[in-house]
Amino acid sequence: MEKVNAIGRRKAAVARVYLTEGTGKITIDKRPLDVYFPSSILQYIVKQPLATLDCVEKYDINAHLDGGGYKGQSEALRLAIARALVKINPEDKPALRAEGFITRDPRAVERKKPGRPKARKRFQFSKR
């Protein structure tokens, strides 16, 4: 099997993933997963598609992350891994879709409107 690549996005974060057969090593920007994401919750989010298909120690993952915060980056990485797994075996798509790993989350920050302090907040109203 050659390298399989996929892309995942979430909010401002973009994840590019390269999957190869291996021992389950996950490298993000030349750093191991537990160094890049010290939080066990974020590590769990990244490994969810692999755990769903019981192939945690079957593939080596090399990822490049750009933009966003930790949570957005971890969810972008999860989407990219799920898309790469579907490229390898299209029969896995229904299982991943049932868990919600294939759908790209469209929620993003609403833009600030002119004449207001934030997107929806208004300045305090003064009657007199």
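What you see is a predicted model; the values in this text were computed from it and never measured. Atom set for the values below is all heavy atoms of this structure, side chains included, hydrogens, waters and symmetry mates excluded.
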Any Lys/Arg nitrogen of Asp60 or Lys25 sitting under 4.0 Å from an Asp/Glu carboxylate oxygen of the other?
no
Could you walk me through whether Lys93 and Ile102 pass the side chain to side chain contact (heavy atoms under 4.5 Å, CB included) test, one step at a time?
CA-CA 8 Å; Lys93 192 170 185 176; Ile102 296 294; 4.2 Å; yes
Please say yes or no: joined through hydrophobic side-chain contacts below 4.5 Å, possibly via intermediate residues, are Leu79 and Val56 part of one cluster?
no
Answer with yes or no whether the hydrophobic clustering places Val46 together with Leu85; edges join I, L, V, M, F, W, Y residues whose side-chain heavy atoms lie under 4.5 Å apart.
yes
Are Val35 and Leu77 connected in the hydrophobic side-chain network, where two residues link if heavy atoms are under 4.5 Å apart?
no
For the pair Arg31 and Asp29, find out whether any cationic side-chain nitrogen is under 4.0 Å from an anionic carboxylate oxygen.
no
Share the residues that join Ile7 in a hydrophobic cluster, the rule being Ile, Leu, Val, Met, Phe, Trp or Tyr side chains under 4.5 Å apart at the heavy-atom level.
Val14
Give the minimum heavy-atom separation between Lys112 and Pro117, together with the two atoms involved.
CE-O, 3.6 Å
Residues Glu75, Ile45; criterion side chain to side chain contact (heavy atoms under 4.5 Å, CB included); working and verdict:
CA-CA 7 Å; Glu75 291 181 6; Ile45 287 172; 4.1 Å; yes
Can you list the steps and then say if Lys71 with Arg10 is a side chain to side chain contact (heavy atoms under 4.5 Å, CB included)?
CA-CA 9 Å; Lys71 178 88 167 147; Arg10 171 77 173 99; over 6 Å; no
Under a 4.5 Å side-chain heavy-atom rule over Ile, Leu, Val, Met, Phe, Trp and Tyr, are Tyr70 and Ile26 clustered together?
yes
Using modelled atom types only, decide if a donor and an acceptor are shared between the side chain of Lys121 and the backbone of Ala119 within a distance under 3.5 Å.
no
Identify whether Ile81 and Val86 are in the same connected component of the hydrophobic contact network (ILVMFWY, side-chain heavy atoms under 4.5 Å).
yes
May I ask you to decide whether Arg120 forms a salt bridge with Glu110, counting only side-chain N to carboxylate O separations under 4.0 Å?
yes
Which ring pair (Phe, Tyr, Trp, His ring centres under 6.0 Å) pairs, counting each pair once, include a residue from residues 24-64, with sequence neighbours left out?
Tyr18-His64
Would you please test Ile88 and Leu19 for side chain to side chain contact (heavy atoms under 4.5 Å, CB included) and show each step?
CA-CA 9 Å; Ile88 292 169; Leu19 230 74; 3.3 Å; yes
Tell me if a side-chain donor or acceptor on Lys87 pairs with a main-chain N or O of Asn5 at a distance below 3.5 Å.
yes
Between atom OG of Ser74 and atom NZ of Lys47, what is the distance when rounded to the nearest 0.5 Å?
13.0 Å
Tell me the closest heavy-atom pair linking Val17 and Ala80, and the distance in Å.
CG2-CB, 3.4 Å
